[in-house]
Amino acid sequence: MEKIIQRIGQVSIPVHNMKGAIEFYETKLGLQQLFSTDNMAFFDCNGIRLLLSIPEKEEFDHPSSIVYFQVENIHQSFDNLVTEDVTFVGKPHMAAKMGQTETWMAFFKDPDGNTHALMSEVQIES
């Protein structure tokens, strides 16, 4: 079978308060806003575009999939976002260990109740 999917072009996150959502993703998470309209705002996340959008139809008005944001130091990133009043569901924890690599995660909520996560892959010293 021929390869059809090439890469992720953008991820959509439903929001209800565009102004509050823009402030959260730009100011608290530090993502670069590319452009916006009345009902949409686009952000760059290291080459993957995030689209914040007010749902056009009722069937699109539900929490989004979890977006896992890669960070270098999960504990420092967690502490920094807590000072920005980001609401976390729990503290950073190890989710998986694969060989010499531990995958750590910390889940948080955006202003619209969407759950996202910080993730960090930590090399273990032998």
Is there a chain of hydrophobic side chains (I, L, V, M, F, W, Y, each step under 4.5 Å between heavy atoms) that links Phe60 to Ile54?
-> no
For residues Ser53 and Met40, report the shortest heavy-atom separation together with the two atoms involved.
-> CB-CG, 4.1 Å
Output yes when a side-chain donor or acceptor of His93 lies under 3.5 Å from a complementary backbone atom of Met105, and no otherwise.
-> yes
Which heavy atom of Ser120 sits nearest a heavy atom of Ile74, and at what distance?
-> CB-CB, 3.7 Å
Indicate the atoms forming the closest heavy-atom contact of Ala106 with Lys91, along with that distance.
-> CB-C, 4.3 Å
State, yes or no, whether a side-chain contact exists between Phe43 and Phe35 at a heavy-atom distance under 4.5 Å.
-> no
Hphob cluster co-occupancy, Ile13 + Phe42, side-chain heavy atoms under 4.5 angstrom = no
For the rings on Phe88 and Phe78, is their centre-to-centre separation under 6.0 Å?
-> yes
Walk me through it: do Val89 and Phe108 pass the test side-chain contact (heavy atoms from CB on, under 4.5 Å)?
-> CA-CA 5 Å; Val89 177; Phe108 64 92; 5.9 Å; no
For Ile22 and Ser36 the tightest heavy-atom approach is CD1-CB, 4.4 Å
Is Leu118 reachable from Met94 through a run of I, L, V, M, F, W or Y residues, each pair having side-chain heavy atoms under 4.5 Å apart?
-> yes
Distance-only, no hydrogens or angles: does the Thr101 side chain make a donor-acceptor pair with backbone N or O of Gln123 under 3.5 Å?
-> no
Spell out, as yes or no, whether a donor-acceptor pair under 3.5 Å connects the side chain of Thr27 to the backbone of Phe24.
-> no
Tell me, yes or no, whether the heavy-atom count around Glu59 atom CD, taken from other residues, nucleotides or ligands under 6.0 Å, exceeds 12.
-> yes
side-chain contact (heavy atoms from CB on, under 4.5 Å) evaluation trace for Ile124 with Glu102 | CA-CA 7 Å; Ile124 305 166; Glu102 293 178 347; 3.3 Å; yes
Within the distance-only criterion (no hydrogens, no angle test), does the side chain of Asp112 pair as donor or acceptor with the backbone N or O of Ala21 below 3.5 angstrom?
-> no
Mark yes or no for whether His116, through its side chain, and Val67, through its backbone, hold a donor-acceptor pair below 3.5 Å.
-> yes
Is it the case that one hydrophobic cluster holds both Val82 and Tyr25, taking links as side-chain heavy atoms less than 4.5 Å apart, direct or via other members?
-> yes
When you look at Thr115 and Lys109, which way does the side-chain hydrogen bond (donor to acceptor under 3.5 Å, both in side chains) test go after all the steps?
-> CA-CA 5 Å; Thr115 300; Lys109 299 280 189 178; 2.8 Å; yes
Any side-chain heavy atom of Val71 sitting closer than 4.5 Å to one from Met119?
-> no
Decide yes or no for Phe69 and Leu50: does some side-chain heavy atom of the first lie under 4.5 Å from some side-chain heavy atom of the second?
-> yes
Any side-chain heavy atom of Leu31 sitting closer than 4.5 Å to one from Glu26?
-> no
Nearest heavy atoms of Pro111 and Gly20, plus distance in Å = CG-O, 4.1 Å
Start with the C-alpha gap between Asp61 and His16, add the side-chain angles, then the distance that decides, and say whether side-chain contact (heavy atoms from CB on, under 4.5 Å) holds.
-> CA-CA 9 Å; Asp61 190 8; His16 294 102; 2.7 Å; yes
For the hydrophobic clusters of this structure (ILVMFWY residues joined by side-chain heavy atoms under 4.5 Å, transitively), does one cluster hold both Val15 and Val11?
-> yes
